Colleague: 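Sharing a structure below in structure tokens format, with a few things to ask.
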Amino acid sequence: MLDIQLLRTDLAHVARVLATRNYIFPTTEFSALEAERKNLQTYTEELQARRNAASRQIGNAKSRGEDVSSILAEVASLGDELRQAEAQLQKTQAALQQILLQIPNLPHSSVPEGINEADNREVRRWGTPRAFDFMVRDHVSIGEGLGLLDFPTATKLSGARFSLMTGALARLHRALAQFMLDTHTQEHGYTEAYVPYLVNAESLRGTGQLPKFKEDLFEIPRKKAGSVEVLSGQENYQDALTSNSTYQPEDDDLYLIPTAEVPLSNMVRDRIVALESLPIKLTAHTPCFRSEAGSYGRDTRGMIRQHQFEKVELVQIVHPQHSYEALEELTGHAETILQKLELPYRVMALCTADMGFSAAKTYDIEVWLPEQNAFREISSCSNCEAFQARRMQARFRKEKGKPELLHTINGSGLAVGRTLVAILENFQNSDGSVSIPEILHPYMGGLVRLTA
RNA sequence: GGAGAGAUGGCCGAGUGGUCGAAGGCGCUCCCCUGCUAAGGGAGUAUAGGCUCAAAAAGCUUAUCGAGGGUUCGAAUCCCUCUCUCUCCGCCA
């Protein structure tokens with residue numbers, strides 16, 4: 001969420017900058033609503049002040065045993081007027097908030113301007129893709145050849161975009177996650193966290209997935225009040241009819257996390273943290289669930305794009321002055337994993353049009369996949385500045401003055417499934433076996449090679 | 001799932017319709033006193049928003065006592081709904 005003060009004072013500029021993200025700011029609508037809000041709020045608060053003053057008078061008079069009927073008559077008409085004003089103000093503010101929640105973050109000045117992913121800028125490159133003297137195969141062919149990867153059965157169990165691994169491949173998958181976690185906790189100073197995989201709507205609003213990207217999430221409805229079950233009981237039925245509650249079932253639903261960024265970042269939601277506790281560096285290994293709505297036909301083969309995948313996430317919650325250093329650092333932490341695994345990659349600075357909703361700046365790390373003869377995204381590291389913190393009301397207490405919004409940085413360190421894909425493809429041998437990167441040997445009980 | 005208790009400021013805790021953003025204590029900050037890592041005295045100590053203002057400062061003002069709604073001139077206090085926490089029983093990895 002952007003600072004509404006900024007929109008009030010410099011709307012044209014904000015609209016211009018957001019246009020580079022392919023976002024059309026509803027300028028007219030916003031201005032109209034904002035003007036309305038100002039009028040309504042001034043008016044409403046004036047009425048409230050009058051009511052409060054009168055009520056105080058009544059209290060005083062009564063305590064002195066005086067007659068209050070004249071004051072009562074004075075405020076008699078106030079009630080309806082006030083109620084109406086309050087309702088209208090609330091409606092206007094809700095509309096304004098709805099707009100505000102859907103505006104993407106402002107790109108940082110260092111972000112290259114562009115119209116699509118072709119305008120992303122390569123920042124650096126590490127490693128040299130290996131030269132093969134045989135026909136390289138993709139991970140599906142390799143995995144199935146080893147008898148350790150089974151998509152047909154995964155499809156039988158669940159459907160498209162799920163995978164099933166067995167034996168040493170399943171173990172390698174687990175080993176990767178362990179290795180990543182160990183590296184980040186022991187060498188990079190992150191605190192490991194075990195987090196819920198189901199989160200509420202408020203958490204998703206905090207990090208920016210809701211309300212705009214609901215269709216990308218798996219939602220778990222809760223069976224409860226308001227449903228047919230409750231209405232069947234006579235007593236409850238009466239209750240439901242007479243209840244003044246504005247209870248909304250969808251607000252109560254839980255969602256499967258699309259990334260551990262959601263629970264990790266939301267740890268500081270509605271909190272004012274001590275200055276000394278910064279930076280907060282958190283990591284977690286979790287499954288991630290994505291509906292992949294709108295990506296039909298893309299990456300249908302293999303385990304590149306799945307409804308369920310594992311990821312080791314890195315999150316930093318930092319002082320605003322240090323967030324760009326933190327972004328560089330965190331990106332480096334993710335790169336370390338690829339370096340230790342000896343996987344060639346490049347780092348891309350995403351252009352304005354290709355960045356995610358909450359990001360002010362994003363580096364994508366892309367790993368080399370020989371069969372695709374291309375670099376593919378394996379990590380995405382973003383500085384969200386105060387965008388998420390403002391939604392979450394995540395602040396820190398300064399030496400002096402008001403609490404200030406934190407900055408949040410997150411990145412994958414790394415996507416486990418895609419790392420596994422990269423290992424299968426980069427470390428494949430002509431006989432169909434796959435060598436295991438040296439750093440993983442201890443995690444594999446000394447196994448150095450996947451064989452059929 | 002059944003029965004009961006509860007949710008107040010950084011923490012503890014008072015407050016059952018009126019001057020309460022909230023007594024008191026603890027903690028913290030500043031000052032004073034004290035020649036010694038103690039004790040005492042004083043002051044301060046929530047958050048968000050709006051308006052006036054070029055801005056700052058300042059002033060005025062609104063909201064918030066788990067959340068939402070209601071009753072009332074007036075709600076931390078009364079009523080309704082929900083959420084969460086705790087205790088006992090049941091079930092369960």
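In this text the structure is predicted, and so the values were computed from the model without any measurement. Chain letters run A, B, ... following the sequence lines, proteins first, then strands; residues in each count from 1.
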Colleague: Return whichever of A:Glu46 or A:Leu82 has its heavy-atom-nearest nucleotide of RNA chain B closer to the 5' end.
Modeller: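 Here A:Glu46 is the residue nearer the 5' end.
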Colleague: Starting at the 5' end of RNA chain B, which residue's closest nucleotide do you reach first, A:Glu34 or A:Leu72?
Modeller: A:Glu34
Colleague: Suppose you measure atom C1' in B:rG21 against the same atom in B:rG15; what distance do you get, rounded to whole Å?
Modeller: 13 Å
Colleague: Look at A:Asn52 and B:rU61 and indicate whether a side-chain polar atom (N or O) is within less than 4.0 Å of OP1 or OP2.
Modeller: no
Colleague: Just to be sure I understand the rule, does A:Arg395 reach a base, reach only the sugar-phosphate, or reach nothing, if contact means heavy atoms closer than 4.0 Å?
Modeller: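 The answer is sugar-phosphate, as A:Arg395 gets under 4.0 Å only of primed atoms, P, OP1 or OP2.
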Colleague: Nearest to the side chain of A:Arg37, which nucleotide is it out of B:rG50, B:rU62, B:rU47?
Modeller: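 From the listed options, B:rG50 comes nearest.
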Colleague: What nucleic acid atoms does A:Gln90 come within less than 4.0 Å of, heavy atoms only: base, sugar-phosphate, or nothing?
Modeller: sugar-phosphate
Colleague: Applying a 4.0 Å non-hydrogen cut-off, can you work out what A:Gln93 is touching in the nucleic acid: base, sugar-phosphate, or nothing?
Modeller: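 No contact.
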Colleague: With under 30° as parallel and over 60° as perpendicular, where do the rings of A:His322 and A:His319 fit, or are they tilted in between?
Modeller: tilted
Colleague: Ignoring hydrogens and geometry beyond distance, is a side-chain donor-acceptor pair present between A:Tyr194 and A:His285 at under 3.5 Å?
Modeller: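 Side chains of A:Tyr194 and A:His285: no pair found under 3.5 Å.
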Colleague: With rounding to whole Å, what would you report as the distance between B:rU52 and B:rC12 at their C1' atoms?
Modeller: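 Between the two C1' atoms, the distance is 41 Å.
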Colleague: Salt bridge between A:Glu34 and A:Arg37, side-chain N to carboxylate O under 4.0 Å?
Modeller: yes
Colleague: Just compare B:rU47, B:rC73, B:rG50 and give me whichever is closest to any side-chain atom of A:Arg51.
Modeller: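 For the A:Arg51 side chain, the nearest candidate turns out to be B:rC73.
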Colleague: Between A:Lys311 and A:Glu313, is there a side-chain N and carboxylate O pair less than 4.0 Å apart?
Modeller: yes
Colleague: Identify which nucleotide among B:rU62, B:rA48, B:rU71 has an atom closest to any side-chain atom of A:Ala49, counting heavy atoms from C-beta outward.
Modeller: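 Closest nucleotide among those given: B:rU62.
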Colleague: Taking only the P atom of each, what is the distance from B:rA76 to B:rU19 in whole angstrom?
Modeller: 9 Å
Colleague: Tabulated below should be each protein N or O lying under 3.5 Å from an N or O of nucleotides 18-22 of chain B; please produce it.
Modeller:
{"unit_1": "B:rG18", "atom_1": "O6", "unit_2": "A:Lys62", "atom_2": "NZ", "d": "2.9"}
{"unit_1": "B:rG18", "atom_1": "N2", "unit_2": "A:Ser55", "atom_2": "O", "d": "2.9"}
{"unit_1": "B:rU19", "atom_1": "O2", "unit_2": "A:Asn60", "atom_2": "OD1", "d": "3.4"}
{"unit_1": "B:rU19", "atom_1": "N3", "unit_2": "A:Asn60", "atom_2": "OD1", "d": "3.4"}

Colleague: Using a heavy-atom cut-off of 4.0 Å across all strands, would you classify A:Arg397 as base, sugar-phosphate, or nothing?
Modeller: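 Sugar-phosphate contact only.
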Colleague: Does B:rC51 have its OP1 or OP2 closer than 4.0 Å to a side-chain nitrogen or oxygen of A:Lys38?
Modeller: yes
Colleague: How far, in whole Å, is B:rA43 from B:rG25 if one measures between their P atoms?
Modeller: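 Straight-line distance between the two P atoms is 11 Å.
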Colleague: Looking at A:Glu202 and A:Arg269, does any basic side-chain N land under 4.0 Å from a carboxylate oxygen?
Modeller: yes
Colleague: Between CD1 of A:Ile409 and CD of A:Gln316, what distance do you get to the nearest 0.5 Å?
Modeller: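 Here the rounded value is 6.0 Å.
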